[in-house]
Amino acid sequence: MTKYRTHNCAELTSKNNGEIVDLSGWLHKKRDHGNLLFLDLRDNYGTTQCIIEKDQPFFKELEKMQLESVLKINGLVSQRSKETINRELKTGEIEVIIKSYEVLGTCKELPIPVFSDQEYSEEIRLKYRFLDLRRKKIHSNILLRSKVISFIRDEMNKLGFLEFQTPILTSSSPEGARDFIVPSRLNPGKFYALPQAPQQFKQLIMVSGFDKYFQIAPCFRDEDARADRSPGEFYQLDLEMSFVEQEDVFEVVEKLLNKVFKKFTDKKFLYEKFPRISFKNAMLKYATDKPDLRNPLEIHDLTSVFKRDDVKFEIFKRLVKSGSIVRAIVTKNTSDKPRSFFDNFDKWAKSEGASGLAYFSFEKNKNIEAKGPVGKLFSPESLNEIMKITGANIGDSIFFSCDKETNVLQLMAPARDKIGEELNLIDKNVFAFCWIVDYPMYETDKNTGKIKFSHNPFSMPQGNEKDIDFKNPLNIKAYQYDIVCNGIELSSGAIRNHKPELMYKLFEIAGYKKSEVDEKFKGMINALSFGAPPHGGIAPGIDRIVMLLAGEKNIREVTLFPMNQNAQDLMMNAPSEIHDKQLKELNILIKKK
RNA sequence: GGGGGUGUAGCUCAGUUGGUUAGAGCGAUCGCCUGUCACGCGAUAGGUCGCGGGUUCGAGUCCCGUCACUCCCGCCA
């Protein structure tokens with residue numbers, strides 16, 4: 001009980017019948033019957049119907065009251081008659097007969113209504129975010145986010161993890177995403193960077209002997225936005241453990257995610273134990289390392305079929321001869337679908353920038369036949385071969401694409417989603433988690449052709465140190481893993497390399513001299529040479545977890561005050577210019593355009 | 001940096017083949033209404049059709065440019 005209220009707007013029931021109460025909240029909705037006025041008063045907890053009749057002197061004032069004004073209402077709790085009870089409202093058994101009221105906060109005419117399920121443009125929502133956040137759906141998303149974070153914190157504590165804060169002003173890192181830069185006043189010409197993740201710090205915490213660490217860590221990356229990627233900043237459940245192997249990290253994360261997802265949704269898990277899929281297999285079967293396993297479609301390699309003499313598909317055969325590959329998706333019992341069904345996928349593929357998506361269906365008359373524009377280019381024997389490779393049957397159809405490997409993967413990954421979606425194969429009521437494991441340590445840089453780290457340079461290579469094939473670095477796999485849910489990458493993690501000598505060797509392969517490594521990763525390398533424990537960790541994205549739990553496709557729906565796609569905050573007007581005085585203090589000159 | 005979509009009243013949208021005075025719902029304002037909970041009924045106000053240029057007798061509609069928002073590619077160890 002405070003000066004402003006004896007109860008909140010979700011509390012009153014028939015038990016309170018006859019009590020005099022104070023409620024404070026926003027004027028959510030009015031229903032004006034001329035001589036009788038209903039007012040819904042709303043706060044964070046719920047709404048309560050308040051009522052006033054014409055004989056009250058301030059009836060006219062309340063009748064004209066602007067919605068979203070903040071009111072304190074003093075009144076009598078009154079049991080509603082049976083016919084007028086509202087079962088959809090917690091407080092629907094009663095109403096409050098207004099005896100007096102006070103305006104605590106006036107409200108101008110609203111740019112967007114709060115009471116509405118309509119959708120509004122991002123621009124206006126972000127500009128008036130405080131109004132937008134009063135609306136039911138997003139308000140409950142943000143409440144959910146708060147609860148999820150508290151729950152995670154609690155569970156992590158129970159699992160024996162210690163919560164620490166790491167610096168926000170740190171040094172720019174040469175690897176990874178673009179940094180946000182902060183100029184240093186005391187060190188003219190030098191800059192801090194905001195952390196892309198507390199990566200090096202969490203490893204240093206392990207070297208410092210704290211054994212298990214976690215943090216709900218803000219991470220800053222100056223990269224362009226996507227629907228599931230905020231520009232600028234996001235939060236990770238950052239965690240790291242000492243004296244563990246990959247499976248030990250998996251056990252903790254599976255346990256945690258199980259608890260979190262079961263606590264906050266009713267949706268089932270497709271797999272209780274998260275399947276482990278090697279990077280190589282994922283790329284083959286799903287053409288991506290973040291597959292949506294709710295989708296049962298799998299991709300098959302048909303390159304060998306196009307080397308057969310009884311296949312007359314000359315365009316593809318020529319491409320295959322010059323190094324292209326063929327990958328295919330089979331759809332069950334679709335041979336009866338109209339021509340437009342198939343052509344639409346071809347059209348779609350072209351709109352994605354591919355040369356198209358070829359197709360045919362398997363039919364049987366005397367022999368096995370392929371029905372479709374390119375069907376007669378395949379002999380019955382070759383069709384048999386395709387059926388053997390893909391598991392296709394008579395009545396099924398096949399979509400295939402031929403191009404350089406990177407292009408084929410780039411087409412087949414979204415094609416698998418698209419076809420699965422069109423055929424309604426994706427069960428929206430499940431969560432399908434999986435681990436992607438055995439990432440390669442290195443890859444070839446597309447632009448320079450040189451060998452570079454494919455993920456985190458601090459990851460531990462797999463295998464006994466003596467047996468690692470340093471001569472063929474592209475064959476080296478790392479203890480590097482991702483966790484994926486419903487096609488969304490939740491996080492990456494790794495068992496770290498805690499051996500300085502091995503690290504020098506690995507950096508050398510990526511073209512770094514010892515002196516360069518010493519210079520760029522001085523703190524880290526130095527720490528590892530004073531007795532570092534084997535350790536590893538992971539960092540699931542909090543925003544994406546909440547997105548999945550809330551069933552939202554856009555990260556802004558679970559973020560209190562997000563920036564727009566151009567990394568601007570329209571409400572606070574950020575970024576903005578600063579005064580000359582500030583620039584001068586920082587020794588910064590702005591280049592005039 | 002590149003590609004797609006959108007931009008019309010405060011908000012959400014419609015607007016036909018280029019043709020008279022650009023419409024609807026919600027909201028606002030005014031009036032009527034004692035049981036609503038998306039209350040109902042009637043009226044009124046509200047428009048630089050994102051912006052600039054062009055074609056045309058005539059442009060919300062066609063063309064060129066530009067800006068904003070959004071989705072995607074690149075980017076995101």
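A note on names: the letters A, B, ... follow the listed sequences, proteins ahead of strands, and every chain is numbered from 1. Just so it is clear, the structure is predicted and the values come from calculations on it, not from any experiment.
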Problem - Passing option when A:Asp518 is tested against A:Lys514, A:Lys522, A:Glu516 for side-chain contact (heavy atoms from CB on, under 4.5 Å) - result: A:Lys514
Handout entry: Contact pattern, 5' to 3', of nucleotides 71-77 of chain B - B, S or - by protein heavy atom under 4.0 Å
Key = BSBBBBB
Completion exercise
A:Lys127 NZ to B:A68 P, in whole Å, measures 15 Å
Exercise for the section: Using the P atom as the reference point in each nucleotide, state the distance between B:U8 and B:A14 in Å, no decimals. Expected result: 10 Å
Practice task
Could you tell me whether the side chain of A:Asn456 and the main chain of A:Phe458 form a donor-acceptor pair under 3.5 Å?
Solution key: yes
Exercise for the section: Tell me which residues in residues 70-85 of chain A put a heavy atom below 4.0 Å from RNA chain B, sorted by number, or none. Expected result: A:Arg80, A:Thr84
Practice task
Say whether A:Asp238 and A:Tyr213, considering side chains only, have a donor N or O and an acceptor N or O under 3.5 Å apart.
Solution key: yes
Handout entry: Pairs flagged by ring-ring contact (aromatic ring centres under 6.0 Å, His included) wherever residues 40-95 of chain A is involved - sequence neighbours left out
Key = A:Phe58-A:Tyr101
Problem - Stretch residues 483-496 of chain A: residues that reach within less than 4.0 Å of RNA chain B through a heavy atom - result: none
Short N/O separations, protein against nucleotides 40-43 of chain B, under 3.5 angstrom:
none

Handout entry: Under-3.5 Å donor-acceptor pair between A:Glu123 side chain and B:G50 base
Key = no
Exercise for the section: Check every strand shown and say whether A:Asn566 touches a base, only sugar-phosphate, or nothing at a heavy-atom separation below 4.0 Å. Expected result: sugar-phosphate
Exercise for the section: For A:Asp438 and A:Tyr481, test the side chains for any donor-to-acceptor distance below 3.5 angstrom and give the result as yes or no. Expected result: no
Exercise for the section: Any pair with a residue in residues 489-512 of chain A that passes ring-ring contact (aromatic ring centres under 6.0 Å, His included), sequence neighbours left out, goes on the list, sorted by first then second residue, please. Expected result: A:Phe453-A:Phe507, A:Phe507-A:Tyr512, A:Phe507-A:Phe521
Exercise for the section: Using only heavy-atom distances, decide whether a donor-acceptor pair under 3.5 angstrom links the side-chain of A:Asn86 to the base of B:C37. Expected result: yes
Please list, pair by pair, any protein nitrogen or oxygen found under 3.5 Å from a nitrogen or oxygen in nucleotides 3-5 of chain B.
none

Problem - Expected output: side-chain A:Arg42 to main-chain A:Trp26 donor-acceptor under 3.5 Å - result: no
Fill in the blank from the handout: Given the options A:Gln236, A:Arg544, A:Lys290, A:Leu490 meets side-chain contact (heavy atoms from CB on, under 4.5 Å) only with A:Arg544
Handout entry: Residues in ring-ring contact (aromatic ring centres under 6.0 Å, His included) contact with A:Phe399, at least two apart in sequence or another chain
Key = A:Phe342, A:Phe345
Handout entry: Atom CD of A:Glu443: over 12 foreign heavy atoms under 6.0 Å
Key = yes
Exercise for the section: Taking atom C1' in both B:U70 and B:G50, compute the distance separating them and give it to the nearest angstrom. Expected result: 15 Å
Practice task
Please state the C1' separation for the pair B:U21 and B:A68 - nearest whole angstrom.
Solution key: 31 Å
Practice task
Using whole Å, report how far CG of A:Leu67 lies from C1' of B:C37.
Solution key: 14 Å
Problem - Short side-chain to backbone donor-acceptor contact, A:Arg556 and A:Phe561, under 3.5 Å - result: no
Practice task
Provide the distance between the two C1' atoms, one in B:A38 and one in B:G27, to the nearest whole Å.
Solution key: 14 Å
Exercise for the section: Both distances under 3.5 Å, Watson-Crick or G-U wobble: on that basis, could you give the dot-bracket string for RNA chain B, with [ ] for crossing pairs and | for other-strand partners? Expected result: (((((((..((((.....[...)))).(((((.......))))).....(((((..]....))))))))))))....
Practice task
Report, as a single string ordered 5' to 3', how protein heavy atoms within less than 4.0 Å touch nucleotides 9-14 of chain B: B base, S sugar-phosphate only, - not at all.
Solution key: -SSS--
Completion exercise
Across all chains, not counting sequence neighbours, the ring-ring contact (aromatic ring centres under 6.0 Å, His included) partners of A:His139 are none
Handout entry: Pairwise P distance for B:G18 and B:G60, with rounding to whole Å
Key = 13 Å
Handout entry: A:Leu41 side chain reached by A:Leu71 side chain, heavy atoms, under 4.5 Å
Key = yes
Handout entry: Separation of the P atoms in B:G5 and B:A59, to the nearest angstrom
Key = 26 Å
Practice task
Could you check which residues of residues 497-518 of chain A get a heavy atom under 4.0 Å from RNA chain B? Sort them by number, please.
Solution key: none
Exercise for the section: Start with the C-alpha distance between A:Asp40 and A:Thr47, add both sets of side-chain angles, then the distance that settles side chain to side chain donor-acceptor pair (under 3.5 Å), and finish with yes or no. Expected result: CA-CA 6 Å; A:Asp40 291 339; A:Thr47 60; 5.7 Å; no
Practice task
Would you kindly compare A:Lys64 and A:Glu53 by the position of their nearest RNA chain B nucleotide and give the one closer to the 5′ end?
Solution key: A:Lys64
Problem - 4.5 Å side-chain heavy-atom contact, A:Phe433 and A:Val484 - result: no
Fill in the blank from the handout: Atom CZ of A:Phe38 and atom P of B:C37 are separated, to the nearest Å, by 9 Å
Practice task
Side-chain contact test, heavy atoms from C-beta onward, threshold under 4.5 Å: evaluate it for A:Glu95 versus A:Cys50 and give yes or no.
Solution key: no
Problem - Any side-chain heavy-atom pair of A:Thr91 and A:Cys9 under 4.5 Å - result: no
Exercise for the section: Check every strand shown and say whether A:Glu68 touches a base, only sugar-phosphate, or nothing at a heavy-atom separation below 4.0 Å. Expected result: nothing
Handout entry: Side-chain donor-acceptor pair present, A:Glu53, A:Asn35, cut-off under 3.5 Å
Key = no
Problem - Under 4.0 angstrom between A:Asn564 side-chain N/O and B:C69 OP1 or OP2 - result: yes
